[in-house]
Structure formats: structure tokens, C-alpha cells
Amino acid sequence: MTRLPPLVEAHHAEFTAWRRDLHAHPELGFAETRTAALVAERLESFGIEVHRGVGRTGVVGVLRNGTSTRRIGLRADMDALPIEEGNTFAHRSTHAGRMHACGHDGHTAMLLGAAKVLAATRDFDGTVHFVFQPAEEGLGGAKAMIEDGLFERFPCDAIFGMHNRPKLPVGRYAVRSGPMMAGGAFFDVDIVGVGAHGARPETGVDPIMVGTQIASALQTIVSRNVAPVDTAVLSITQFHAGDAYNVIPQTARLSGTVRAFSNATMSMIGERIARTAAGVAAAMGASASVDFRVNFAPTVNDPVQAEFAASVCAELVGADNVQRDPPLIMASEDFSFMLERVPGCYLNIGNGDGESGCEVHNPAYDFNDAAIPLGVAFFVRAVERRLARG
């Protein structure tokens, strides 16, 4: 049986209205001006101290109660994606080419809801930092906040965040100790050959042929350099070369992504990409340079904090509705950089099936409002237990 704090259920309709307003007004990374202003205004209306412009468009709320020096951080992401929404409901995106297709509108509403409840009840002793992060979708919002002194200005003994999970039923949570999401990198391989007439290939060095050989060779990096008990993926997702039918181009570019569950594996793959590309190109009379960029560290949960988070979830919905060892996730999350600085846990909350059951980053996606009270309740109970009186 689900056991939620009374105020959480009482304000469900209000929290849902916030979420749908955010969904209708999506903003991309580092452009979340309306969203950040709405968050700041709501926090201030609850009587919470507000700090704007942390990491450009980030917002941090500070709520103190009692005399304890203990501190906890709660984090939500605010940005949307450059996707044209395919839904037709009343709260669909009002901005062409932008959409909350990953549920950050729901995450923001849940953390705002927790802030409202905690400001009203104040059943804790210590300090809560509500961290509303910009630009999670590959633009470095977590790093921007950290570089802006996030944890020096708002120290945390532990920090918690969550992400909705389609197909996981509403009323269930998934919590994994240790690595849970892969680190992510993007790479570009720029090849320089010798341009020539398409009818006289012998007079040039074809960068397209060089690129195809590099692409093939790169697929051996994971299979022959990563231990079989480890997990990694390398995908080439772009190949750009030429713009004429009768011209062998001078240059070509391969681009792609790498995912891995340790920084060491990620670094090794980056080194192998550079070495392989340069070697194959040289063997064919061309040259190749590689730009390898790590955008996300692996998301690694602290075992103690993961156990604490799982116990909070079990208190709310029962142990049978908490998946303690869910499968690894190859997608990436930049909350990982916060977890490198502060012990904490990132968990999944069920988004259900039906209309909300499609995967994230899909034009038909919508956050399931039925999950909002469960997210709010987790944040509230995590604070009340972590900063328990006495």
C-alpha cells in the first residue's frame, strides 16, 4: 500500500498544473529563462532563500530549519529538447521545434512540490539545497554549476536526483548501487586526402574510401580492447563528404558516440580511436585527426546512499515495488559530475505504460502526472529521514 505524506496528495492538482505549464513552454539548455524565473518565484513564495544564475541559468533554493549543520542536496533538470512535438493535447508545446521529450518538466515540478511541502511542514533539522540545473542534454549544465561554485556555496553531505522511466509502472522505483548509467563521449574524425576528378581517382587520395576503412577498424576497438565482462559501445552516427557527383572530395568527416561505465575504459577507447584513425589514414596516403569529447561521466551511485534511497522508496510503496538491482543503462546523465563531487544516488521512478509509455526523446512522449506525488514524496521523506530531528 502506498503511503504518501498528506500534503503531497492534497496538492497533486496544483503540482500537475505546474508541470503542464512547463511542458507547454519548453526551453533549450542555457536558455531556460522563463523556467528559471518561474522556479525562483515559486521558491520565494514558499519562503525559501533563492539564488539565481548559478551556472548561467541554474537556480538554487536554500531552506534552513533548526540548528543542525547537516546538509542535503536535491536536484532536478529543467531543459527541453530540439524536437517537434507530435502530441495534440491541450498542454502540448507552444514553441515550434522544442519539446519536453525527456520529462524534465516533471522532474522540475516534483522538486518544486517537495520544496512547497518541506517549507510548510519543516519536519527536519538542517539545511536543504534545492538544485534546479540547466542544460542537462549534453551541454554541460552540471559542470557549469559546479564550476560556478555550487558545492562551495551550497555544501551537501549527500545529494539525490531522479529520472522517470517509461515502462516501469507508476508506483515503483528502481535503485542501483554503484555504476548505473554509462558515461558518454562524442567524437569527430577529420580525414584529409587529395581531391580529384571522379573519372580519374588515381590522381587523388579518396577520403571516402579512407573513411570507410576507418569506420570498419573502429568497430574492433570494443570487441578487441574492452574486457568481455565490461560493457561499452562505439557507434558511428555520421559520415559527411563531398557535394558533387563528379568530384572526389578533399576531406571527409566521421562522427559518433562512445558509452562506457568507467572513466578508464572511456579514456582507453578515446586513445584507440585516435591511434586507429591516424594509422589507417597514413597507410592509405591520407591523414586523420580526432576530436574526442567526454560529455558525461559514468553515473555511479554511492552504495550507502543507494541503500538509503531504496529504503525511503520501500517505506513509501513497499519493498516489493522497489527494484534493487535494475539493468545497467547505456544512456548518460550529467548528474554524474555532481556524484563525482558528493556521495549520492540517482534513481528511476516509474512513468508507466499507455500514452506515457513510449521512450523518452520521442515526439509522442509525455510525463505521467500520476507519478508526481511519488517523486515529491521521495524527496520529502529523504529530507525528513536524513535530517531527522534529535
Side-chain angles (χ1 to χ4, degrees), residues 2 4 6-46 57 59 76-117 130 132-137 141 161-172 348-380:
T2 302
L4 303 181
L7 277 183
V8 172
E9 295 182 298
H11 289 285
H12 187 187
E14 182 182 17
F15 301 158
T16 296
W18 297 348
R19 202 285 297 180
R20 294 186 177 187
D21 176 70
L22 291 167
H23 189 94
H25 301 90
E27 296 175 303
L28 301 181
F30 292 127
E32 307 95 338
T33 52
R34 180 187 185 276
T35 304
L38 184 151
V39 165
E41 290 164 8
R42 289 269 191 275
L43 293 174
E44 287 176 334
S45 75
F46 308 152
T57 48
V59 178
D77 37 19
M78 300 188 294
D79 57 323
L81 286 158
I83 294 175
E84 185 70 32
E85 181 155 7
N87 295 310
T88 58
F89 44 59
H91 61 276
R92 74 181 304 277
S93 172
T94 59
H95 301 314
R98 284 180 275 165
M99 176 191 175
H100 270 296
C102 202
H104 297 186
D105 50 341
H107 305 163
T108 297
M110 290 190 297
L111 188 53
L112 274 176
K116 182 180 178 102
V117 172
F130 302 95
F132 292 87
Q133 182 204 307
E136 188 280 327
E137 297 287 357
M162 71 174 71
H163 201 291
N164 72 93
R165 185 69 189 124
K167 307 303 181 185
L168 183 68
V170 172
R172 294 188 182 180
N348 286 144
I349 181 171
N351 201 55
D353 297 309
E355 289 186 5
S356 300
C358 73
E359 274 297 338
V360 295
H361 294 218
N362 183 298
Y365 173 86
D366 189 31
F367 186 87
N368 192 334
D369 293 319
I372 292 176
L374 293 143
V376 174
F378 171 81
F379 284 135
V380 170

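Note that these values count all heavy atoms, side chains included, but never hydrogens, waters or copies made by symmetry. Throughout, residue positions are numbered sequentially from 1 according to the sequence presented. Since this is a predicted model, take the numbers as computed values, not measurements.
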Student: Strictly distance-based, threshold 3.5 Å: is any side-chain N or O of Arg172 a donor or acceptor partner for the main-chain N or O of Gly350?
Tutor: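 Answer holds: no.
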Student: For the residue pair Leu111 and Phe130, what are the closest heavy atoms and their distance?
Tutor: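 Nearest pair, atom of Leu111 first, then Phe130: CD1-CD2, 3.7 Å.
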Student: Kindly indicate whether the side chain of Phe379, heavy atoms from C-beta on, has any atom under 4.5 Å from the side chain of Met162.
Tutor: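 Yes; the side chains approach each other to less than 4.5 Å.
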Student: Is there any salt bridge (charged side-chain N to carboxylate O under 4.0 Å, His left out) pair reaching into residues 32-44, and which pairs are they, with sequence neighbours excluded?
Tutor: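 Qualifying pairs: Asp21-Arg34, Glu44-Arg52.
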Student: Give a yes or no on whether the backbone of Ala364 and the side-chain of Asn362 come within a donor-acceptor separation of less than 3.5 Å.
Tutor: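 Side chain of Asn362 to backbone of Ala364, a donor-acceptor pair under 3.5 Å: yes, one is there.
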Student: Should the pair Glu359-Arg165 be classified as a salt bridge under the 4.0 Å nitrogen-to-oxygen rule?
Tutor: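 Counted as a salt bridge, because a side-chain N and a carboxylate O are separated by less than 4.0 Å.
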Student: Apply the side chain to side chain contact (heavy atoms under 4.5 Å, CB included) test between Val376 and each candidate in Leu4, Val8, Leu7; give the one that qualifies.
Tutor: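 Only match with Val376 under side chain to side chain contact (heavy atoms under 4.5 Å, CB included): Val8.
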Student: Looking at Pro363, is its backbone amide N or carbonyl O close enough to the side chain of Glu85 to form a donor-acceptor pair, meaning the two atoms are under 3.5 Å apart?
Tutor: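 Checking the backbone N and O of Pro363 against the side chain of Glu85, no donor-acceptor pair under 3.5 Å is found.
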Student: Donor-acceptor pair, distance only, cut-off 3.5 Å: does the side chain of His100 make one with the backbone of Arg20?
Tutor: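 Between the backbone of Arg20 and the side chain of His100 there is no qualifying donor-acceptor contact (under 3.5 Å).
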Student: Quick one: does Leu43's side chain get under 4.5 Å of Phe132's, heavy atoms only?
Tutor: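 Of all side-chain heavy-atom pairs linking Phe132 with Leu43, at least one is under 4.5 Å.
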Student: Should the pair His23 and His91 be assigned to parallel (<30°), tilted (30 to 60°) or perpendicular (>60°) ring geometry?
Tutor: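 Perpendicular, since the angle between the ring planes exceeds 60°.
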Student: Among all residues two or more places apart in sequence or in another chain, which pass the side chain to side chain contact (heavy atoms under 4.5 Å, CB included) test with Thr94?
Tutor: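 Side chain to side chain contact (heavy atoms under 4.5 Å, CB included) list for Thr94, sorted by chain: Ala24, His25.
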Student: Test your reading of the model: is there a side-chain donor-acceptor pair from His104 to the backbone of Asp79, 3.5 Å cut-off?
Tutor: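 Side chain of His104 to backbone of Asp79, a donor-acceptor pair under 3.5 Å: yes, one is there.
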Student: Could you check whether any side-chain N or O of Asn351 sits under 3.5 Å from a backbone N or O of Pro166, counting only pairs where one atom can act as donor and the other as acceptor?
Tutor: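 Here the side-chain-to-backbone pair does not exist.
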Student: State, to 0.1 Å, how close Phe30 and Pro134 come at their nearest heavy-atom pair, and which atoms those are.
Tutor: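 Smallest interatomic distance, heavy atoms only, reads CE2-CG, 4.1 Å.
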Student: Apply salt bridge (charged side-chain N to carboxylate O under 4.0 Å, His left out) to the pair Asp366 and Arg19, showing each step before the final yes or no.
Tutor: CA-CA 11 Å; Asp366 189 31; Arg19 202 285 297 180; 2.8 Å; yes
Student: Answer with yes or no whether the side chains of Asp77 and His163 bring together a donor and an acceptor at under 3.5 Å.
Tutor: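 Not at all, the side chains of His163 and Asp77 share no donor-acceptor pair under 3.5 Å.
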Student: Side chains of Met99 and Leu81, heavy atoms from C-beta outward: is any pair under 4.5 Å?
Tutor: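 No, too far: nothing below the 4.5 Å cut-off.
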